[in-house]
Amino acid sequence: MTTIDSIEELEAIYGLPQKLSLDKVADHITSDYRKVIEASPFCALATSGPEGLDCSPRGDELELMRIQDERTLLLPDRRGNNRADTLRNIVVDPRIALLFLIPGSGMTLRMNGRAVLRKDAELLETFAVKNKPPRCVIEITVQEIYFQCARAILRADLWNSEKHIDPKSLPSAGDILAAQTQGSEGGKDYDEAWPARAKKTMW
């Protein structure tokens, strides 16, 4: 097995970044990048902590995140599984990375920055949905932001509905839980109860 073990070896294969790939980087939210963020209903949020790395999906049909100013984003922490991996990481290591997706668009948007967790009651109330505020808001300070070319989305043909996978062809959440717990949890009952449970606990 031959591996690449140094930056020099890596650069010998890939060369240095082209000028255009550096020119697109901004240290704040430009008017163009604002439009992309506002159009995105989904992002992946990556963090790092003592127990390792984590990448968490974040999505919202109403307002994924709020742009407070050209360097600050506010992301409400909506209901989830209470593992709080992302939040635990942010408490001890504020470095974060975001990858925004925009359905139908080949462009993705990447952002790196630092985050803190806010619990101001007045702020939480401004993000309430159906009278249910989030338990905290992730305040993100932008350090760099830039678009990623469309090649990955095009190669994946991600938005082509004709290539959408039939969920029935994959293991269900109930199947996976049953396999992981030797049948003591999950199964068909879990899958049948999930839609109603999700509807009640969406916010």
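Count residues from 1 along the sequence.
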Examine the side chains of D166 and S169 and answer whether a donor and an acceptor come within less than 3.5 Å of each other. no
Using 0.5 Å steps for rounding, measure from the CH2 atom of W203 to the CZ atom of R78. 5.5 Å
Quick one: do L45 and L117 end up in the same hydrophobic cluster if we chain Ile, Leu, Val, Met, Phe, Trp and Tyr together by side-chain heavy atoms under 4.5 Å apart? yes
Of all heavy-atom pairs linking Y190 and A173, the shortest is CE2-CB, 3.8 Å
Interatomic distance, CD@E125 vs CG@N131, rounded to 0.5 Å, equals 8.0 Å
Give the table of side-chain donor-acceptor pairs shorter than 3.5 Å for residues 192-202, with sequence neighbours excluded, one pair per line with atom names and distance.
residue : atom : partner : partner atom : Å
T201    : OG1  : R197    : O            : 2.7

Tell me, yes or no, whether the heavy-atom count around L22 atom CG, taken from other residues, nucleotides or ligands under 6.0 Å, exceeds 12. yes
Would you give the length of the straight line joining atom CD of E38 to atom CD of E63, rounded to the nearest 0.5 angstrom? 9.0 Å
Heavy-atom nearest pair, F42 first then A44, reads CE2-N, 4.2 Å
Treating Ile, Leu, Val, Met, Phe, Trp and Tyr as nodes and any side-chain heavy-atom pair under 4.5 angstrom as an edge, say whether V36 and I29 lie in one connected cluster. yes
For the residue pair E144 / N112, report whether a side-chain donor-acceptor contact shorter than 3.5 Å exists. yes
Is the count of non-hydrogen atoms from other residues, nucleotides or ligands lying under 6.0 Å from R88 atom CZ greater than 12? no
Mind checking the CE-CZ spacing from M107 to F147? Nearest 0.5 Å is all I need. 6.0 Å
Measure from the side-chain N and O atoms of S184 to the backbone N and O of T181, and report whether any donor-acceptor pair falls under 3.5 Å. yes
Show me the donor-acceptor pairs within less than 3.5 Å that the side chains of residues 90-101 make with the rest of the protein, sequence neighbours left out.
residue : atom : partner : partner atom : Å
D93     : OD1  : R95     : N            : 3.2
D93     : OD1  : R95     : NE           : 3.1
D93     : OD2  : R95     : NE           : 3.4
D93     : OD2  : R95     : NH2          : 2.8

Scan the side chains in residues 132-139 for donor-acceptor partners under 3.5 Å anywhere in the protein, sequence neighbours excluded, and list what turns up.
residue : atom : partner : partner atom : Å
R135    : NH1  : N82     : OD1          : 3.4
R135    : NH2  : N82     : OD1          : 2.8
E139    : OE1  : R118    : NH1          : 2.7

Here the pair of heavy atoms bringing G186 nearest to L177 is CA-CB, 3.8 Å
Distance-only donor-acceptor pairs under 3.5 Å for side chains of residues 148-159, two or more places apart:
residue : atom : partner : partner atom : Å
Q148    : OE1  : R110    : NH1          : 2.8
D157    : OD2  : N160    : ND2          : 2.9
D157    : OD2  : K163    : NZ           : 3.1
W159    : NE1  : S105    : O            : 2.9

Listed once per pair and sorted, the salt bridge (Lys or Arg N to Asp or Glu O under 4.0 Å) pairs that draw on residues 174-184, sequence neighbours left out: none
Got a list of side-chain donor-acceptor pairs under 3.5 Å for residues 4-19, not counting sequence neighbours?
residue : atom : partner : partner atom : Å
D5      : OD1  : T3      : OG1          : 2.8
D5      : OD2  : T3      : OG1          : 3.1
S6      : OG   : E9      : N            : 3.1
S6      : OG   : E9      : OE1          : 3.3
E9      : OE1  : D5      : N            : 3.0
E9      : OE1  : S6      : N            : 3.3
K19     : NZ   : D23     : OD2          : 2.7

Side-chain (Y146) to main-chain (S21) donor-acceptor, under 3.5 angstrom: no
Check the hydrophobic clustering (I, L, V, M, F, W, Y; side-chain heavy atoms under 4.5 Å; chains of links allowed) and say if F127 and I37 are grouped together. no
If you compare all heavy atoms of L109 against all heavy atoms of Y33, which two are closest, and at what distance to 0.1 Å? CD1-CD2, 3.5 Å
Nearest-0.5 Å distance that lies between atom CD1 in I140 and atom CZ in R66: 13.0 Å
Say whether L75 and V116 are linked into one hydrophobic cluster, either directly or through other cluster members, by side-chain heavy-atom distances under 4.5 angstrom. no
Are H28 and D69 side-chain neighbours, meaning at least one heavy-atom pair lies under 4.5 Å? no
T126 side chain to L123 backbone, donor-acceptor under 3.5 Å: yes
Donor-acceptor under 3.5 Å (R58 side chain, M65 main chain): no
Flag the pair L53 / T47 as yes when at least one side-chain heavy-atom distance between them is below 4.5 Å, and no otherwise. no
Looking at side-chain heavy atoms only, is the closest gap between I102 and S40 below 4.5 Å? yes
Can you tell me if CD on Q68 sees more than 12 non-hydrogen neighbours from other groups inside 6.0 Å? yes
